[in-house]
Amino acid sequence: MRKYLFSEKQHSKKGANWTYEEDQKLIDYIKIHGEGNWRTLPKAAGLQRCGKSCRLRWINYLKPDIKRGNFGEDEDDLIIKLHALLGNRWSLIAGRLPGRTDNEVKNHWNSNLKKKLINMGINPNNHRVNQTPIRPKQDPSEEEEEEESVNSSS
DNA sequence: AAGGCTGTCAACCGCACGTCT
DNA sequence: AAGACGTGCGGTTGACAGCCT
């Protein structure tokens, strides 16, 4: 878990990590008034953030029913299956995984599952088994050529 | 020990869509 | 019908931590 930071960036708030105080303000406000009205919420809650940021922070991090921690094997399998069916519809995929958010699923896919599929010889874009076996890359230019051939074949 | 590299994840941005007037 | 506004979604970025050399 990342620590709360106090950088110069926080003067403008944009791009700055949320502080404990900001989180508390948001939680308290939503406890009382409920979700919604994201445009007016920051001002009403005394936050120097845009509504979008508040919504994202709540949905991805502060919501009480969020399940945090590692994805299990069964969750991985489910995500792979759902991605094959739905494509990059992360919110739909996350909807099938209780306690998981679209952002979390998307990050997990990009950092873990994509590689997992590639190692298994499966194209993560179309979930088709590659004809040619995976071999270690020797020359960076080979990678570009491979990419081009994938693009041209789709 | 230190500097570079890579992986992870929170957060932002831009666009699309739905609703309201 | 169409423009304004609010919200949701997916792609991308940036910062940090840990590993490697």
Side-chain angles (χ1 to χ4, degrees), chain A residues 1-73 75-120 122-127 134 136-144 146-147 150-151 154:
Chain A
M1 182 65 65
R2 200 176 291 184
K3 304 276 190 303
Y4 284 108
L5 300 172
F6 296 92
S7 66
E8 285 181 31
K9 269 191 176 181
Q10 280 188 320
H11 288 299
S12 66
K13 292 296 177 186
K14 184 184 168 186
N17 280 20
W18 282 67
T19 63
Y20 177 78
E21 288 76 17
E22 285 179 305
D23 281 350
Q24 277 309 311
K25 279 184 185 176
L26 184 55
I27 291 166
D28 289 345
Y29 184 88
I30 291 176
K31 264 185 194 167
I32 295 166
H33 299 95
E35 291 180 48
N37 257 333
W38 295 110
R39 191 179 155 79
T40 54
L41 184 149
K43 205 178 174 184
L47 292 162
Q48 292 181 315
R49 300 274 181 176
C50 67
K52 274 184 169 186
S53 292
C54 295
R55 179 185 155 269
L56 213 62
R57 181 67 178 173
W58 174 254
I59 289 174
N60 288 326
Y61 204 83
L62 300 174
K63 243 182 164 177
D65 55 344
I66 284 176
K67 190 202 289 183
R68 307 201 66 82
N70 294 339
F71 282 74
E73 274 293 319
E75 284 180 306
D76 282 358
D77 288 345
L78 188 55
I79 292 169
I80 291 166
K81 278 176 195 160
L82 289 170
H83 186 270
L85 273 171
L86 303 167
N88 292 358
R89 310 285 296 277
W90 303 116
S91 59
L92 285 178
I93 294 171
R96 303 270 183 156
L97 292 156
R100 300 295 187 185
T101 69
D102 54 353
N103 208 29
E104 208 177 357
V105 171
K106 182 171 59 183
N107 281 331
H108 185 56
W109 173 265
N110 286 327
S111 55
N112 294 301
L113 298 182
K114 240 180 174 176
K115 285 171 206 159
K116 194 172 168 181
L117 287 188
I118 289 168
N119 286 337
M120 289 162 70
I122 298 170
N123 185 329
N125 296 318
N126 54 23
H127 293 262
I134 300 292
K137 290 186 179 95
Q138 290 151 2
D139 184 347
S141 61
E142 279 183 37
E143 191 180 355
E144 285 166 26
E146 274 178 34
E147 237 174 66
V150 167
N151 290 339
S154 58

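Here is how names work: the chains are called A, B, and so on, in the same order as the sequence lines, proteins then strands, and each is numbered from 1.
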Query - Integer-rounded Å distance: dG10(C) P and L86(A) CG - result: 10 Å

Query raised in the report: At under 4.0 Å between heavy atoms, what does N107(A) touch on the DNA or RNA strands: base, sugar-phosphate, or nothing?
Result: base

**Report entry** S53(A) side chain near dC12(B) phosphate (N/O to OP1/OP2, under 4.0 Å)
**Finding:** yes

Query raised in the report: When rounded to the nearest 0.5 angstrom, what distance separates CD1 in I118(A) from CG in L113(A)?
Result: 11.0 Å

Query raised in the report: Do the rings of H108(A) and F71(A) sit parallel, tilted or perpendicular, given the 30° and 60° boundaries?
Result: parallel

Query raised in the report: Between dT19(B) atom P and R39(A) atom CZ, what is the distance in whole Å?
Result: 19 Å

**Report entry** Nearest-angstrom distance from the residue atom CG of D102(A) to C1' of dC9(B)
**Finding:** 13 Å

Query raised in the report: OP1, OP2 of dG10(C) versus side-chain N and O of N103(A): anything below 4.0 Å?
Result: no

Query - Side chain of L56(A) (C-beta onward), nearest among dC12(B), dG11(C), dG7(B) - result: dC12(B)

**Report entry** Distance, rounded to the nearest Å, where N37(A) contributes CG and dG6(C) contributes P
**Finding:** 9 Å

Query raised in the report: Going by the angle between their ring planes, with limits at 30° and 60°, are W109(A) and H83(A) parallel, tilted or perpendicular?
Result: parallel

Query raised in the report: W90(A) side chain: which of dT7(C), dG11(C), dG7(B) is closest?
Result: dG11(C)

Query raised in the report: Think R55(A) has a side-chain N or O under 4.0 angstrom from the OP1 or OP2 of dG8(C)?
Result: yes

Requested in this report: Could you tell me whether N112(A) contacts a base, only the sugar-phosphate backbone, or nothing, with contacts defined as non-hydrogen atoms closer than 4.0 Å?
Outcome: sugar-phosphate

**Report entry** Side-chain N or O of K106(A) closer than 4.0 Å to phosphate OP1/OP2 of dG8(C)
**Finding:** no

Report task. Confirm from the modelled atom types if K52(A) and dG14(B) form a donor-acceptor pair under 3.5 Å, side chain to base only. Result -> yes

Requested in this report: Using whole Å, report how far CG of N110(A) lies from C1' of dT12(C).
Outcome: 10 Å

Query - I59(A) side chain near N103(A) side chain, heavy-atom distance below 4.5 Å - result: no

Query raised in the report: Rounded to whole angstrom units, what separation is found between the CG atom of L26(A) and the P atom of dA11(B)?
Result: 11 Å

**Report entry** Distance in angstrom units between E22(A) CD and dA10(B) C1', rounded
**Finding:** 13 Å

Requested in this report: Please test N60(A) against D102(A) for side-chain contact (heavy atoms from CB on, under 4.5 Å), starting from the C-alpha separation and ending with a verdict.
Outcome: CA-CA 8 Å; N60(A) 288 326; D102(A) 54 353; 3.7 Å; yes

Query - Interatomic distance where CD belongs to E104(A) and C1' belongs to dC9(C) [whole Å] - result: 17 Å

Report task. Would you please confirm or rule out a distance under 4.0 Å between OP1 or OP2 of dC12(B) and any side-chain N or O of R57(A)? Result -> no

